[in-house]
Amino acid sequence: MADLVVSEANIVGAAVLLRQAAEPVSDAMCIASSATGSDAVAAALDDVEFVLRHVMDGLAEVAADSACDADGIAATFDELDGTLSGDLP
Amino acid sequence: MDLDPGRGNPDAVRDVSRQFATRADGMTERARAGRGALESLAGLESAALDALRARVASAVDKFDRAADAATEASDILGGYAASLDDIRSRARALLDEAQASYDRIWWRRGQALNEASETVTGWALGWDDVLPSWMYLDDPGYLHRWQDAIDDYRLLRPQLLSLQTERDQLDSRTATRLRGIGLLGELKPSHGVSGRAAAAALWAGDATGISAEGLAGLEDPDLIREVWNGLTPEQRAALIAAAPLVIGNLNGIPLRDRVAANRINIRDEIAARETKIEKIEQQKAEALRNAYYGDDDVAAVYDQQIDEQQAVIDYYQSLLDQQVTWRDESGVPHTDDGARVVVFDPRNQAIATYQGPLDPATGDIPEWVRNVAVSVPGTGASMTDFNDELGSHLYTAAGKESAVFQWAGGEFPQNLWEATSSSYADKLAPELRDFTNAIAVPEGADLTVLGHSYGGATVGLAEQAGLSADRILYVAAAGMGHGVDGLLDFPLTKDVPHYSMMARNDLVVGLIQGADGGGLHGQSALDADGVIRLETGFVQDGDPGSGTIEGHNIPGNGTIPAIDAHSTILQRGTGAFENIVAVITGGSAELYAPDETLYVQGYPVHASGLESSDYTPQYTEVE
């Protein structure tokens with residue numbers, strides 16, 4: 001039989017931290033090519049910015065989903081615990 | 001001097017560098033929060049928490065690596081700004097010196113020429129010209145000093161050019177370093193903005209927001225399949241509904257979902273053509289109102305257009321209404337509604353159908369299927385009148401452990417004149433390669449690709465372009481592809497078994513068989529090194545009494561046997577058809593019985609090997 005060691009408080013705490021990780025890092029940057037004076041550098045910068053922007057958005061989504069999952073696990077264990085203890089019908 | 005090596009704004013670059021550094025800090029904070037979450041979960045045990053921990057740990061790692069990438073970008077830009085400062089400073093000094101030097105030219109010129117002389121001769125002198133000494137009546141020292149000023153100015157240009165070169169190299173190095181940031185190299189290959197966004201999101205572990213265009217931009221069909229299979233059924237349904245033309249034609253999407261998407265595409269195309277008919281009806285009514293005479297003639301033009309549209313609508317509707325029978329692993333037949341259309345793209349005149357079972361879990365070819373075939377038709381194949389009967393017959397004959405695609409994934413020549421051009425095959429070949437290479441062939445199953453007539457040349461060019469298969473069969477092929485000399489031209493299939501067949505008297509392609517790549521459609525498959533020629537045999541396989549393919553005249557079509565033989569070769573039950581099935585299933589195929597040359601009363605007479613008195617079928621085990 002699989003082990004089951006849970007602490008609802010810890011899971012909820014984890015969810016809080018995961019929601020912090022899900023906060024947006026910063027707004028998108030608009031890098032004018034006149035800043036660098038070089039089309040090649042500006043294009044490479046745009047590429048880096050594009051990728052980092054989508055990576056950050058993706059990681060925020062993963063963190064948010066994980067926070068939801070943690071909340072869900074905590075709620076499920078809470079309900080299960082209540083049922084087993086006879087508190088709930 | 002119109003160069004400006006110092007262009008740009010180092011302060012703005014430093015500002016961008018700081019923004020990247022701020023991002024790095026932000027992501028490091030988030031990684032810290034993630035670690036905190038992992039610590040909170042430490043010591044807790046459950047399957048659900050284990051899965052959650054794995055995801056969070058992966059995200060923490062990715063936050064750290066994204067932070068590193070942002071830090072690297074920040075450092076690169078910081079160094080770039082410092083170098084820009086230096087170059088700007090030197091460029092400013094050089095340009096100031098050049099300006100002063102230029103001013104000195106005009107000062108010396110002014111010293112040498114008085115106002116009157118400037119008026120008389122100055123118009124003919126460029127900025128770097130000096131009045132000829134024989135024209136100058138004053139002290140020649142003025143002319144020397146004037147020329148020296150011009151020479152001094154000219155010496156500055158190479159210095160400026162050198163500084164410009166230094167700047168160009170700095171820019172090139174910086175762009176290369178930015179593109180070399182590790183994170184960018186870790187992304188899966190993709191194309192287009194959507195593809196790149198999808199690749200970045202997937203790297204982060206987030207597939208939820210990927211669009212159909214993003215999926216299509218990922219390029220690798222295995223990755224596309226992996227991402228697709230990771231989506232929920234609701235997410236897949238949403239993508240199919242939002243972009244059926246993309247999903248229905250995207251290599252890597254499971255067959256079941258391509259079929260679902262293409263049902264939508266077929267209905268959409270029917271609706272579009274019905275709308276077109278309505279417009280033609282309106283035009284016809286308008287034309288009849290304005291006609292002075294000959295109503296029937298006026299109407300006939302529009303009626304023909306309507307009939308053409310309706311014919312296509314009827315055909316497309318037949319695809320939706322078709323009943324497809326397949327057998328499961330136990331051999332039990334099942335019938336489904338609707339053809340399995342796995343390619344349907346009116347933009348590219350592309351269509352392909354699938355005959356065989358589908359795994360209910362994966363939506364692709366089941367693991368127990370042993371023989372997969374892709375059949376490519378020839379001249380005349382068209383998506384508005386696509387005949388996938390051959391695919392159906394081959395599947396039925398090859399047995400329940402088979403799966404057959406009938407593929408016409410682009411524009412085919414519609415007549416023999418068009419078929420003399422390899423341009424259609426040139427465009428079709430990479431499409432065939434990509435479609436075939438993306439098929440999820442079950443482990444241990446064999447994939448055969450066969451092409452008939454122009455389709456044979458298309459198969460050859462697809463092989464040359466990198467098609468991968470376990471067996472190749474050229475059926476009355478026009479050739480192995482324009483420019484193809486033989487098997488050695490095929491990077492991935494040169495070592496796999498190749499077979500060919502053609503009726504001895506085939507007039508459609510018989511006269512264009514090439515001796516090498518320079519032939520109309522390349523080397524003939526009949527006698528290329530390493531290609532095994534198979535027999536086309538009798539109209540009823542194994543029954544000499546039924547007559548040879550060469551002698552068979554299809555009743556009622558008005559063409560001679562030598563023309564009919566080109567298509568009789570695909571008829572069910574013929575020796576040729578059975579040989580095709582043998583190649584697909586890895587059975588025994590009859591080898592070509594070589595013709596003989598007999599001498600009758602001194603004259604050579606060509607006799608078919610099948611009609612030889614000692615003809616005995618010889619077989620080869622298909623590898």
Side-chain angles (χ1 to χ4, degrees), chain A residues 2-27 29 31-67 69-70 72-73 76-77, chain B residues 4 6-9 12-13 15-16 19-20 22-23 26-27 29-31 33-34 36-38 40-41 43-49 52 55-56 58-59 62-63 66 69-70 73 77 80 84 167 171-172 174-176 178-179 181 183-184 187 193 196-197 200-206 208-209:
Chain A
D3 289 336
L4 196 65
V5 177
V6 298
S7 158
E8 188 195 330
N10 281 34
I11 300 172
V12 168
V16 168
L17 288 164
L18 287 169
R19 269 191 288 278
Q20 285 177 16
E23 282 169 16
V25 174
S26 60
D27 290 335
M29 259 193 269
I31 306 164
S33 60
S34 57
T36 62
S38 161
D39 290 341
V41 175
L45 255 182
D46 279 344
D47 212 17
V48 173
E49 161 63 9
F50 181 89
V51 168
L52 266 176
R53 161 59 43 199
H54 282 86
V55 161
M56 291 188 304
D57 288 347
L59 286 171
E61 194 66 37
V62 170
D65 284 346
S66 298
D69 289 344
I73 292 170
T76 301
F77 281 133
Chain B
D4 184 13
R7 69 191 178 281
N9 184 342
V13 173
D15 190 48
V16 175
Q19 289 184 60
F20 274 109
T22 302
R23 280 216 179 132
M27 282 187 279
E29 257 179 60
R30 279 146 187 80
L38 287 173
S40 270
L41 298 174
L44 306 182
E45 292 181 30
S46 86
L49 287 173
L52 178 62
R55 261 182 287 133
V56 173
S58 172
K62 300 270 172 73
F63 269 122
L77 288 172
Y80 182 61
L84 262 189
R167 171 63 195 270
D171 289 342
S172 175
T174 303
T176 301
L178 284 168
R179 290 197 194 284
I181 289 174
L183 172 52
L184 270 67
L187 299 186
V193 171
R196 200 92 171 114
L202 284 175
W203 183 91
D206 173 36
T208 54

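Letters A, B, ... mirror the listed sequences (proteins, then strands); counts begin at 1.
Considering CG of B:D206 and CG of A:D57, their distance stands at 9.0 Å, rounded to 0.5 Å. Between A:F77 atom CZ and B:L49 atom CG the span is 5.5 Å, to the nearest 0.5 Å. Once rounded to the nearest 0.5 Å, the distance linking CG of B:L41 with CG of A:L18 reads 7.5 Å.
At a threshold of 4.5 Å between non-hydrogen side-chain atoms, the residues A:L45 and B:F20 count as touching. Between A:E49 and B:V16, every side-chain heavy-atom pair lies at or beyond the 4.5 Å cut-off. The shortest distance between side-chain heavy atoms of B:R30 and A:L59 does not fall below 4.5 Å. Looking only at side-chain heavy atoms (C-beta outward), B:L183 and A:L52 come within less than 4.5 Å of each other. A heavy-atom distance below 4.5 Å is found between the side chains of A:D47 and B:R179.
The minimum heavy-atom distance linking B:A175 with A:A44 is given by the pair O-CB, 3.7 Å. Considering all non-hydrogen atoms of both residues, B:G36 and A:L17 come closest at C-CD1, 3.3 Å. Contact record, A:S66 with B:L52: O-CD1, 3.6 Å, taken as the closest heavy-atom pair. Closest heavy-atom contact between A:H54 and B:A200: CB-CB, 3.6 Å. When all heavy atoms are compared, the tightest approach of A:F50 to B:A197 is CE2-N, 3.6 Å. Between A:A21 and B:F63, the closest heavy-atom pair is O-CZ, 3.5 Å.
Looking at A:I11, the atoms closer than 4.5 Å to chain B (heavy atoms on both sides) sit in the backbone and in the side chain alike. For chain A, the nearby part of B:T208 is the side chain; its heavy atoms alone come within less than 4.5 Å. Residue contact with chain A, scored on non-hydrogen atoms closer than 4.5 Å, involves the backbone and the side chain of B:A70 alike. Heavy atoms closer than 4.5 Å to chain B are found nowhere in A:A9, neither backbone nor side chain. Residue contact with chain B, scored on non-hydrogen atoms closer than 4.5 Å, is absent for A:A15. B:L187 touches chain A through its side chain: at least one heavy atom from C-beta onward sits under 4.5 Å away, while N, CA, C and O do not. Only the side chain of B:L77 has a heavy atom closer than 4.5 Å to any heavy atom of chain A.
For chain B, the option among A:G13, A:A43, A:A67 with the highest count of heavy-atom pairs below 4.5 Å is A:A43.
Salt-bridge formation is detected for the pair A:D69/B:R55: a Lys NZ or Arg NE/NH1/NH2 atom is positioned less than 4.0 Å from an Asp or Glu carboxylate oxygen.
Side-chain atoms of A:N10 come within 3.5 Å of backbone N or O of B:S40 as a donor-acceptor pair.
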*asked:* Show, in sequence, the C-alpha distance, side-chain angles and deciding distance for A:V51 and B:W203, and conclude whether the side chain to side chain contact (heavy atoms under 4.5 Å, CB included) test is met.
replied: CA-CA 10 Å; A:V51 168; B:W203 183 91; over 6 Å; no
